[in-house]
Amino acid sequence: MDEIAWEELDNICNNSGEKIYNRSLGSTCHQCCQKTIDTKTNCRNPECWGVRGQFCGPCPRNRLW
């Protein structure tokens, strides 16, 4: 299993005000559809289909409430 780098953990947004939007370099959150350069979720299931279902930091928390 790949190790998670501290840089990736430091790049997770805690709220929407921390997001850095970038249409050309960003990756899209599955829920809010915003292209940002923050760290998204990374499924480690070997049967996962890749980028489908990536979420930015605030979205999974907001979805639960």
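Keep in mind that the numbers below use all heavy atoms, side chains included, and drop hydrogens, waters and symmetry copies. FYI, the numbering just counts along the sequence from 1.
Gly26 and Lys35 make their closest contact through O-CE, 3.3 Å (heavy atoms, listed as atom of the first residue, atom of the second, distance).
Under a 3.5 Å cut-off, the side chain of Asn11 and the backbone N or O of Ile37 do form a donor-acceptor pair.
Atoms CD and SG, on Gln34 and Cys56 in that order, are 8.5 Å from each other to the nearest 0.5 Å. Atom CG of Asp38 sits about 11.0 Å away from atom CG of Asn22, to the nearest 0.5 Å. Atom OG of residue Ser16 and atom CG of residue Asn62 lie 7.5 Å apart, to the nearest 0.5 angstrom.
Other residues, nucleotides and ligands place more than 12 heavy atoms under 6.0 Å from the CD1 atom of Ile12.
Between the side chains of Lys40 and Ser27, at least one donor N or O lies within less than 3.5 Å of an accepting N or O.
Scored by the side-chain contact (heavy atoms from CB on, under 4.5 Å) test, Gln31 finds Cys29, Phe55, Cys59, Arg63 as partners (sequence neighbours excluded).
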